Amino acid sequence: MKIFHTADWHLGKLVQGVYMTEDQRYVLNQFITAIDEEKPDVVIIAGDLYDRALPPVEAVDLLDEIFAEIVLKRNVPVLSIAGNHDSPTRLEFGSKLMKESGLYIVGELDHQLKPIILQDEFGEVHFHLVPFAEPSTVKNVFQCESINTYDDAMKTIVEKIEENMDRTKRHVFVGHAFVTHSGEKGENTSDSERPLSIGGSECVNAHYFQAFHYTALGHLHKAHYVLNETIRYPGSPLKYSASEANHQKGFLIVNLDENGQVSIEKRNFTPRRDLRIIEGTIQEILKHDYCEDYVFVRLTDLTPVVGAMEQIRTVYPNAMHVERKTIQRIESAEENIKIQREQLDDMTLFKAFHKEILGFEPTEEALQLFEEVLNEMLRDEREMKEEAVTK
């Protein structure tokens with residue numbers, strides 16, 4: 001069975017105030033062309049179809065257009081789940097009707113965990129679609145009071161799947177999570193990835209997925225595998241932040257043979273406009289050839305540059321951000337924190353602020369309390385967005 005694995009489309013994405021819809025349409029049309037060339041048996045989208053719970057109309061129209069091209073015109077089944085950016089109820093609306101056409105979307109976690117079963121010439125392949133869900137949601141669905149972290153939640157879900165797993169069949173897991181080798185804390189692969197929680201509690205142990213022949217993941221924006229080559233992130237189809245400037249964006253072509261062995265090929269996209277970082281003095285940059293790429297500019301001038309963005313846009317009309325690489329020491333702790341704010345996570349900012357104001361590092365108890373408050377805020381934010389969708 002030939003599988004196309006993609007994730008993290010983030011339709012409706014704004015990057016530095018610029019809607020990426022036309023850029024997304026450009027690469028997704030390449031995806032459609034690849035479907036025509038490769039003729040996959042199924043397409044997997046492992047969450048974050050939209051960038052937010054209430055996406056703009058243009059994003060909804062684009063997703064509808066792409067689904068129609070794949071499912072209706074080409075009769076290729078699509079299996080998709082909700083990610084942490086999506087609204088589960090919005091994605092799942094009409095899902096029972098859409099199944100008849102070959103579009104399978106799972107937004108809400110269901111305790112039955114019934115797989116989607118597709119056939120090839122060698123028999124059945126069971127696809128286990130597990131949407132993003134808070135630990136509290138998983139705890140409620142399975143009535144398991146011991147679930148407190150994302151790792152606990154995923155372990156419980158996989159155990160429930162394995163209870164009813166037919167080991168004579170081939171199995172593919174589709175999930176949206178932050179998976180690391182042994183569940184240890186890992187670094188996000190991009191600044192545009194919204195944290196699931198604060199601290200290491202968002203990470204999931206990759207060893208849980210060893211019962212599956214292939215694990216199709218979403219959430220992290222850099223294409224890579226975890227533990228072994230059958231547990232994979234395809235990455236996002238476009239660069240959504242300066243931290244992704246060196247990523248090679250694309251999707252995965254997964255061939256699953258009759259014995260469940262997989263071979264994997266990464267197919268790269270060619271963006272409408274690349275997103276990259278350029279560095280130099282203002283005079284050096286103004287000598288560059290005219291280019292419509294999205295650029296983040298780091299100026300190395302030792303003195304302030306008046307109207308830097310206006311000057312740079314005469315050469316790079318789609319320049320997104322300009323910053324000084326050389327920053328003079330600022331004595332004010334408050335201003336220093338402000339300069340670095342975009343590069344620091346919430347916990348690091350709290351530690352720095354605590355030390356600057358009180359003169360010593362926060363205690364473990366204070367850090368734990370702060371982490372709990374932040375995690376509660378993240379949960380409340382997602383719940384508020386979901387409530388806004390359902391009203």
Side-chain angles (χ1 to χ4, degrees), residues 1 3 5 7 42-49 77-84 86-100 102-119 123-179 183 196 202-219 226 230-233 254 256 260 382 386:
M1 180 173 285
I3 302 167
H5 173 199
V42 61
V43 170
I44 292 173
I45 311 173
D48 282 352
L49 284 84
V78 170
L79 311 181
S80 182
I81 59 172
N84 59 300
D86 296 313
S87 162
T89 52
R90 177 178 286 271
L91 279 187
E92 201 161 271
F93 176 79
S95 60
K96 292 182 176 62
L97 291 173
M98 291 186 286
K99 286 179 182 179
E100 300 300 320
L103 178 57
Y104 302 85
I105 299 181
V106 178
E108 303 278 3
L109 183 66
D110 188 326
H111 74 280
Q112 295 183 5
L113 294 171
K114 290 183 177 179
I116 305 299
I117 300 175
L118 300 180
Q119 298 263 358
E124 296 180 355
V125 179
H126 293 217
F127 293 86
H128 304 271
L129 275 58
V130 178
F132 170 78
E134 302 277 1
S136 57
T137 300
V138 181
K139 177 187 290 189
N140 182 60
V141 168
F142 295 106
Q143 294 296 297
C144 181
E145 292 301 317
S146 63
I147 296 174
N148 295 302
T149 67
Y150 284 93
D151 189 77
D152 296 336
M154 187 62 75
K155 182 179 181 182
T156 299
I157 289 169
V158 172
E159 286 174 350
K160 296 293 183 183
I161 291 173
E162 290 187 20
E163 286 176 5
N164 299 307
M165 182 181 283
D166 183 346
R167 303 284 177 169
T168 66
K169 310 300 182 185
R170 292 164 292 165
H171 296 269
V172 175
F173 183 96
V174 182
H176 193 89
F178 194 149
V179 178
L196 304 179
E202 65 179 336
C203 297
V204 170
N205 191 328
H207 289 82
Y208 299 152
F209 305 107
Q210 294 191 86
F212 302 96
H213 296 93
Y214 184 73
T215 298
L217 296 172
H219 179 56
V226 186
T230 66
I231 304 172
R232 289 252 181 188
Y233 287 95
V254 182
L256 184 69
R382 285 191 279 263
E386 185 60 24

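Only heavy atoms go into these numbers, but all of them, side chains included; no hydrogens, no water, no symmetry mates. Please read these numbers as outputs of a predicted model, since none were measured by experiment.
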Beyond-backbone contact of L113 with F142, side-chain heavy atoms, under 4.5 angstrom: yes
Heavy-atom pair of closest approach, residues P88 and A82: CA-CB, 4.3 Å
Validation row: V172, I44 side chains within 4.5 angstrom (heavy atoms): yes
CE on M98 to CG on L91, rounded to 0.5 Å: 8.5 Å
G47 backbone acceptor or donor facing H219 side chain under 3.5 Å: no
Least distance between heavy atoms, C203 atom then G183 atom: CB-O, 3.6 Å
Test item: K139 side-chain N/O and I147 main-chain N/O as donor-acceptor pair under 3.5 Å: yes
Pairwise distance CD(E124) to CG(L118) - rounded to 0.5 angstrom: 10.0 Å
Closest non-hydrogen atom pair between I81 and P131, with its separation: CB-CA, 3.9 Å
Side-chain touch V130/I161, heavy atoms, less than 4.5 angstrom: yes
Heavy-atom closest pair, residues P135 and A153: CA-CB, 4.2 Å
Smallest separation among heavy atoms of P77 and Y104, with atom names: CB-CE1, 4.5 Å
CA sep, side-chain torsions, deciding dist, call: L49, I105, side chain to side chain contact (heavy atoms under 4.5 Å, CB included): CA-CA 11 Å; L49 284 84; I105 299 181; 5.5 Å; no
V141: side chain to side chain contact (heavy atoms under 4.5 Å, CB included) partners, not counting sequence neighbours: L109, H111, T137
Evaluation steps, side chain to side chain donor-acceptor pair (under 3.5 Å), between N84 and H176: CA-CA 8 Å; N84 59 300; H176 193 89; 2.8 Å; yes
Heavy-atom check, side chain of F209 versus side chain of V226, under 4.5 Å: no
Euclidean distance, H171 NE2 relative to T215 OG1, rounded to 0.5 Å: 12.0 Å
Polar side-chain atom of N205 near backbone of D151 as donor-acceptor pair, under 3.5 Å: no
Contacts of Q112 that satisfy side chain to side chain contact (heavy atoms under 4.5 Å, CB included) - sequence neighbours left out: D110, K114
Side-chain heavy-atom pair V158, M154 within 4.5 angstrom cut-off: yes
E162 vs E159 side-chain heavy atoms within contact, under 4.5 Å: no
From L256 atom CG to I3 atom CD1, the distance as rounded to the nearest 0.5 Å: 5.5 Å
Y233 side chain to A7 backbone, donor-acceptor under 3.5 Å: no
Side chains of V125 and I117 in contact at under 4.5 Å (non-hydrogen atoms): no
Closest heavy-atom pair and its distance - R167, A211: NH1-CB, 3.6 Å
H5/Y214 aromatic ring centres below 6.0 Å: yes
Non-hydrogen side-chain atoms of V42 and M1 separated by less than 4.5 Å: yes
Separation between NE2 of H126 and NE2 of H213, rounded to the nearest 0.5 Å: 11.0 Å
V43 and L79: CA distance, side-chain angles, deciding distance, side chain to side chain contact (heavy atoms under 4.5 Å, CB included) verdict: CA-CA 6 Å; V43 170; L79 311 181; over 6 Å; no
Donor-acceptor pair, side chain of E92 and main chain of T89, under 3.5 angstrom: no
Mutual orientation of the aromatic rings belonging to F212 and H128 [parallel < 30°, tilted 30-60°, perpendicular > 60°]: perpendicular
